[in-house]
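Worksheet: one structure, shown below.
What you see below is based on every heavy atom in this structure, not just the backbone, and it leaves out hydrogens, waters and symmetry mates. Each ligand, and each atom within it, is numbered from 1 in the order the structure gives. If you read the sequence from its start, that first residue is 1, and numbering goes on from there.
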Amino acid sequence: MCSHRSVDEQGPTPRVAQGAPVGRRIVLAMVGLGALGIVFGRTASQAVNSTVATAAPGLSGVLPGTGGFRIYTVINGYPEYNAEKYRLTVTGLVSTPLSLSLADLGDLPQTGMTKDFQCVTGWRVDDVPWSGVLLSDVLTAAGADPSAGALRFISFDGAYTESLTMEQGLRPDVLVATTMFGKPLTLEHGAPVRLYVAPMYGYKSLKWLSGIEVGKTVVPGYWEERGYSVDAWVGSSNGMTDEPIA
Ligand SMILES: Nc1nc2c(c(=O)[nH]1)N[C@H]1C(S)=C(S)[C@@H](COP(=O)(O)O)O[C@H]1N2
Ligand SMILES: [Mo]
């Protein structure tokens, strides 16, 4: 079973190595065990950790109050941060490397947009109000070389990364987001800062953003190393989902 899939999403019934179907109850139990940090094989462990139910082990990834979003994380739970110490760094092919506090981000021009959020596995939330700083405004502030080919995004969860081409990153619908639904991002949605790449599948919208590296060539991100399209345009990327557990 592909670890990208939330436990409550439809799709082929996941199977254990012996070939017996894994029922929903058992999958949910596995999620609970994953949240407690019990180690399965690497693949299985990744699978159970992909959907969080950290706050309530044994429940599915649909948390109350998340407005239809499934909550994903590839680590056990959510990373911690300190709002005072938080910094977003912008480095690489820039004239002015930046280390932006939350206040610094607040001083940059603020942009809002109301757009859909679409996960490659099929779920979608329409008309989500987002706000923050356009990625292009952050790149301008850093004096990023517009002819640099690529952007790499780093999460302070220590595991997740993402990529865009510079051309994609300069689009007016790509946001360094600090609010969702008119409120500061919640921890499960990537507080204090996440990426929101409106025209692409949700896996591009990296949570817990802490670094932007401007470089020459695109370095495939977390899910891209695992088979998903690097160009994740909604409707035209591969939507690769199911891989049997080896
Ligand atoms: N750091 C991090 N960012 C991430 C993910 C993740 O597991 N870790 N999952 C991605 C995927 S596949 C999706 S669909 C969205 C889900 O956003 P949500 O958890 O706020 O609903 O986050 C994306 N960003
Ligand atoms: Mo996703």
Side-chain angles (χ1 to χ4, degrees), residues 1-11 31 34-35 45-55 59-81 86 88 115-126 128-130 132 135 152-164 174-181 183-212 220-230 232-235 237-243:
M1 128 183 181
C2 172
S3 50
H4 191 93
R5 187 180 293 279
S6 166
V7 288
D8 57 347
E9 282 158 30
Q10 57 184 20
V31 169
S45 169
Q46 284 176 349
V48 293
N49 289 338
S50 68
T51 295
V52 168
T54 309
L59 298 181
S60 81
V62 184
L63 300 182
T66 54
F69 280 81
R70 269 68 160 176
I71 303 297
Y72 291 113
T73 181
V74 297
I75 62 166
N76 245 331
Y78 315 126
E80 289 181 20
Y81 73 96
Y86 172 85
L88 171 62
K115 289 183 179 292
D116 306 339
F117 193 88
Q118 171 84 53
C119 175
V120 71
T121 60
W123 59 269
R124 171 193 185 89
V125 183
D126 291 331
V128 181
W130 304 89
L135 177 59
R152 183 160 200 247
F153 303 92
I154 311 291
S155 171
F156 63 84
D157 70 8
Y160 204 88
T161 57
E162 256 310 331
S163 67
L164 290 173
V174 179
L175 195 65
V176 172
T178 52
T179 84
M180 242 175 109
F181 298 114
K183 293 185 186 134
L185 283 177
T186 57
L187 184 58
E188 67 265 25
H189 284 304
V193 179
R194 79 179 293 170
L195 199 61
Y196 171 58
V197 183
M200 294 192 181
Y201 284 118
Y203 62 89
K204 284 288 178 182
S205 293
L206 172 144
K207 301 193 287 186
W208 308 297
L209 175 66
S210 58
I212 301 172
Y222 183 91
W223 284 117
E224 296 147 21
E225 284 182 324
R226 290 158 178 78
Y228 287 84
S229 299
V230 173
W233 305 110
V234 171
S237 77
N238 61 4
M240 192 284 289
T241 50
D242 287 293
E243 286 220 313

Any idea which part of [X] is under 4.0 Å from ligand 1, heavy-atom wise: side chain, backbone, both or neither?
{"X": "Ser205", "value": "backbone"}
{"X": "Tyr222", "value": "neither"}
{"X": "Lys204", "value": "neither"}
{"X": "Trp123", "value": "side chain"}

Closest by any non-hydrogen atom to atom 1 (N) of ligand 1: pick that one out of Leu185, Asp157, Thr73. Asp157
Of the listed options (Tyr201, Tyr72, Tyr160), which comes nearest to atom 10 (C) of ligand 1 when hydrogens are ignored and any heavy atom counts? Tyr160
Going by the atom numbers of ligand 1, which of them fall below 4.0 Å from some non-hydrogen atom of [X]?
{"X": "His189", "value": "18 (P), 20 (O), 21 (O)"}
{"X": "Phe69", "value": "21 (O)"}
{"X": "Val74", "value": "7 (O)"}
{"X": "Gly202", "value": "10 (C), 11 (C), 13 (C), 14 (S), 15 (C), 22 (O), 23 (C)"}
{"X": "Cys119", "value": "14 (S)"}
{"X": "Ile71", "value": "19 (O)"}
{"X": "Phe117", "value": "14 (S), 15 (C), 16 (C), 17 (O)"}
{"X": "Arg70", "value": "18 (P), 19 (O), 21 (O)"}

I want to know if ligand 1 touches Trp208 in the polar sense, i.e. an N/O pair below 3.5 angstrom. no
May I ask you to check whether Trp223 has an N/O atom sitting below 3.5 Å from an N/O atom of ligand 1? no
Out of curiosity, Phe156 CZ to Leu88 CG, how far, rounded to the nearest 0.5 Å? 10.5 Å
Approximate separation, where rounding is to 0.5 Å, of Leu185 CG and Tyr196 OH: 12.5 Å
Hey, does the side chain of [X] reach the backbone of [Y] with a donor-acceptor pair shorter than 3.5 angstrom?
{"X": "Ser155", "Y": "Trp208", "value": "yes"}
{"X": "Thr161", "Y": "Gly221", "value": "no"}
{"X": "Lys207", "Y": "Tyr72", "value": "yes"}

Closest approach of Ser205 and Val197, non-hydrogen atoms and distance? OG-N, 3.0 Å
Would you please indicate if the ring centroids of Phe69 and Trp123 are separated by under 6.0 Å? yes
Distance flag, aromatic centroids of Trp223 and Tyr201, threshold under 6.0 Å: no
Geometric class of the Trp130/Phe117 ring pair [parallel <30°, tilted 30-60°, perpendicular >60°]: tilted
Any side-chain donor paired with an acceptor under 3.5 Å for Ser163 and Glu224? yes
